[in-house]
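Order of the sequence lines fixes the chain letters, A, B, ..., with proteins taken first and strands second; residue numbering starts at 1 for each chain.
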Amino acid sequence: MSSQAITARSEDYSRWYTDVIQRAELADYAPVRGCMIIKPYGYALWEHIQQQLDRRFKDTGHENAYFPLFIPEEFIMKEKDNFEGFSPELAVVTIGGGEVLEQRLVVRPTSEAIIGHSFSNWIHSYRDLPLLINQWANVVRWEMRTRLFLRTMEFLWQEGHTAHATHDEAEEETLKMLGVYADFAINEAAIPVIQGRKSNQERFAGALRTYSIEAMMGDKKALQSGTSHNLGQGFAKAFDIKYSDRGNQLQHCWTTSWGLSTRMIGGIIMTHGDDQGLRMPPRLAPIQVIIVPIYKNDDEKSKVMEAVDALFAELKGAGLRVRVDVREDLTPGFKFNDWEMRGVPVRVEIGPKDVQNNAAAVARRDVPGKAGKQFVPREGLVERIKALLVEIQANLLAQATAFRDANIHPIENDYARFREIIKDGWAYTWFCGGAECEAKIKEDNQAVSRCFPLDQEKGEGKCIHCGAPATERAYFAKAY
RNA sequence: CGGGGUGUGGCGCAGUUGGUAGCGCGCUGUGUUUGGGACGCAGAGGCCGCCGGUUCGAGUCCGGCCACCCCGACCA
């Protein structure tokens, strides 16, 4: 619990972000640089993210497994692009049991290598395909600069790894899981995301193609919130993942990998949060309904608590995540602010008047102040709250979508204007995809291409930077 | 690694020309309070980031180191 005010977003967005996390008790800094302690409230949010994703993975035929944290260094080196991409950020164990290790062990930055090793043992025939595996795990990347949830040296995620008989099947899987991420982001986290393909410069080194979902944060910076790779046959060749086809010919598999991490929590904070603090999307909120009892004396207390307990049981019975704030010696006003800061979607106040009137005061987090508070008859209250949670979920998505759309600006053939746009928003424009253009744009604007959206009209234009013919449009933005 | 900042009770901070550490919040006890961040009274809590130097005496001055935060480069 904290009574401190939160820095206004307009004053200092970074400070607002870290204030919210600490005051809402999502996470603490750890004694090790770049690491974080995820506190119960933050972890509960992660658990709901996990549940919603895991359900979707199972529904699309995937199974969970677990692979080791330690990976022989030579495994990592097998796939050259992968190794070169990751080597600067590897944590390597060189001593174990007091002895210098013959075989140095890498703490996994991702598990393509060790899973590839297993896949080569598991897969022999086309009958073994497709192989659809997911794991929930922690990974470590030695980052130079870290921020709570957005980039920490150790983070939690899921990584899906699949093997297929053909390129097209792998591509289909890659896009299917991208779609799963988008569905999750939009319908559970209420974050409008754009599905797209990364430029060659931005794609994962070991991948044929990298796709991502991109979201706009409250400061108009972009956040890559989920990633899906078609790895081609690169890993299959490096790890000898082969199968005999129907004609008894040995073929290399086509593999994919896709991941979504605790970074998503940062996305939720920065998409929905306001100057009062967090605003949790109801479907993921650790607490959906907080009940604050109000009373002056023992006589009132017993009457109020009777009504509160009954409502609590009813809401809980309806499947809602509900809690009663029974803390003594805190004023109701303090509790209102406290739970608003922590983003609980619906607050129910029950005092002597409400007991008498057979009603309750219901306040919604997405509408600030008195406008969001109304008195609701006790009769039908549970149904009203359930409906309200649905409304809030929809409203958060609508607000975020409106904000995003208001800050995306289409532009053609005008680099000067492009540069202006990108200072405070996203630009949507023709892009040749070339490395030189990308590098120059980055140098000029501290912004990069986010993706070529999958959903775009066919056409042809001129690259915003070099003017060469371009067949695709891309989003450009400053990014986390 | 470059630039900027900060290290003093749990948190936020003050601490004058060097004289043996204080405020607010929080915490404990207690009483009055309670419909938008309550108040009184009584308490507990500190190796002033670390090491060294100057000095009769260092939170304060000097030297060195370390850590963390913010902004870049790198990255999900």
- Item | Residues A:E314 and A:R378 bridged, charged N to O under 4.0 Å | yes

- Item | Options B:rA76, B:rG36, B:rC70, nucleotide nearest the side-chain atoms of A:Y29 | B:rC70

- Message: At 4.0 Å (heavy atoms only), tell me whether A:T262 reaches a base, stays on the sugar-phosphate, or touches nothing.
- Response: nothing

- So does A:T331 get a side-chain nitrogen or oxygen closer than 4.0 Å to the phosphate oxygens (OP1/OP2) of B:rU34? no

- Please tell me which of the listed nucleotides, B:rU32, B:rG37, B:rC74, lies nearest to the side chain of A:K442? B:rC74

- Item | A:F239 and A:H117 aromatic centres sub-6.0 Å | no

- Query: Is the centre of the A:F184 ring less than 6.0 Å from the centre of the A:Y181 ring?
  - Reply: no

- Task: Classify the nucleic acid contact of A:Q224 as base, sugar-phosphate or nothing, counting any heavy atom under 4.0 Å across all strands shown.
- Result: sugar-phosphate

- Item | Residue A:R33, side-chain heavy atoms: nucleotide from B:rA76, B:rC68, B:rG36 that is nearest | B:rC68

- Query: Whole Å only: how far is the CD atom of A:Q22 from the P atom of B:rC11?
  - Reply: 10 Å

- Task: Would you jot down, in residue-number order, the residues of residues 350-366 of chain A having a non-hydrogen atom under 4.0 Å from RNA chain B?
- Result: A:G351, A:P352, A:K353, A:D354, A:A361

- Message: In whole Å, I'd like the distance from the CH2 atom of A:W142 to the C1' atom of B:rC1.
- Response: 16 Å

- Query: Quick one: which of B:rG35, B:rC70, B:rG37 gets closest to the side chain of A:E349?
  - Reply: B:rG35

- Roughly how far apart, to the nearest Å, are B:rU28 and B:rG5 at atom P? 39 Å

- Can you tell me how far C1' of B:rC39 sits from CZ of A:F334, to the nearest Å? 15 Å

- Query: Which part of the nucleic acid does A:S261 contact within heavy-atom distance under 4.0 Å: base, sugar-phosphate only, or nothing?
  - Reply: base

- Query: Want to know the stems of RNA chain B: at least 3 consecutive Watson-Crick or G-U pairs with distances under 3.5 Å, which are they?
  - Reply: B:1-7 with B:66-72, B:10-13 with B:22-25, B:27-32 with B:38-43, B:49-53 with B:61-65

- Here the distance between atom P of B:rG36 and atom CG of A:D325, to the nearest Å, is 15 Å

- Task: Provide, to the nearest angstrom, the distance between the CE atom belonging to A:M270 and the P atom belonging to B:rA76.
- Result: 16 Å

- Query: Is the centre of the A:W258 ring less than 6.0 Å from the centre of the A:F57 ring?
  - Reply: yes

- Task: Over all heavy atoms of both residues, which pair between A:T7 and A:D19 is shortest? Give the atoms and the distance, please.
- Result: OG1-OD2, 2.5 Å

- B:rC48 versus B:rA21 - spacing of their C1' atoms, nearest Å: 8 Å

- Task: Taking only the side-chain heavy atoms of A:N337 (C-beta and beyond), determine which of B:rA76, B:rG35, B:rG37 contains the nearest atom.
- Result: B:rG37

- Task: Taking side-chain contact (heavy atoms from CB on, under 4.5 Å) as the test, write out the residues that go with A:A359, two or more places apart.
- Result: A:N357

- Query: Hey, does the Lys NZ or Arg CZ of A:R23 hover above the aromatic six-ring of A:W16, less than 6.0 Å from the centre and inside 45° of the axis?
  - Reply: no

- Message: Within the 4.0 Å heavy-atom criterion, would you say A:R15 contacts the bases, only the backbone, or no part of the nucleic acid?
- Response: nothing

- Message: Here's a test of your reading of the structure: between A:G369 and A:A30, which maps to the more 5' nucleotide of RNA chain B?
- Response: A:G369

- Between A:F155 and A:W157, is the gap from one ring center to the other below 6.0 Å? yes

- Query: Can you tell me how far P in B:rC61 sits from the matching atom in B:rC74, rounded to whole Å?
  - Reply: 39 Å

- Who are the side chain to side chain donor-acceptor pair (under 3.5 Å) partners of A:S449, not counting sequence neighbours? A:S199, A:E438

- Message: Using the C1' atom as the point on both nucleotides, what is the distance between B:rA38 and B:rG26, in whole Å?
- Response: 15 Å

- Ignoring hydrogens and geometry, is there a side-chain-to-backbone donor-acceptor pair from A:R323 to A:I291 under 3.5 Å? no

- Message: When you measure from the centre of the six-membered ring of A:F75, is the NZ or CZ of A:K78 closer than 6.0 Å and no more than 45° off the axis?
- Response: yes

- Whole-Å distance between B:rG10 C1' and A:E25 CD? 13 Å

- Base of B:rG72 paired with side chain of A:Q446 (donor-acceptor, under 3.5 Å): no

- Between B:rA76 atom C1' and A:R108 atom CZ, what is the distance in whole Å? 16 Å

- Task: Determine the interatomic distance between C1' on B:rA73 and the same-named atom on B:rG36; round to the nearest Å.
- Result: 47 Å

- Measure from NZ or CZ of A:R347 to the centre of the six-membered ring of A:F336 and say whether it is under 6.0 Å with the direction within 45° of the ring axis. yes

- Query: Going by number, which of residues 275-297 of chain A have a non-hydrogen atom under 4.0 Å from RNA chain B?
  - Reply: A:I294, A:Y295, A:K296

- Message: Using the P atom as the point on both nucleotides, what is the distance between B:rG43 and B:rG4, in whole Å?
- Response: 48 Å

- Item | Same-atom distance (C1') from B:rA14 to B:rG52, integer angstrom | 28 Å

- Report the distance from atom CZ of A:R347 to atom C1' of B:rG37, rounded to the nearest whole Å. 12 Å

- So what does A:L150 touch, heavy atoms closer than 4.0 Å: a base, only the sugar-phosphate, or nothing? base

- Base, sugar-phosphate alone, or nothing: which one does A:F155 contact when heavy atoms must sit under 4.0 Å apart? base

- Which nucleotide in the set B:rG36, B:rG35, B:rA76 lies at the smallest distance from any side-chain heavy atom of A:F375? B:rG35

- Under the ring pair (Phe, Tyr, Trp, His ring centres under 6.0 Å) rule, what pairs show up with a residue in residues 436-455 of chain A, not counting sequence neighbours? A:F431-A:F452

- Task: In whole angstrom, give me the gap between the P atoms of B:rC62 and B:rG24.
- Result: 31 Å

- Query: Which class fits the ring pair A:W136 and A:W46: parallel under 30°, tilted 30 to 60°, perpendicular over 60°?
  - Reply: perpendicular

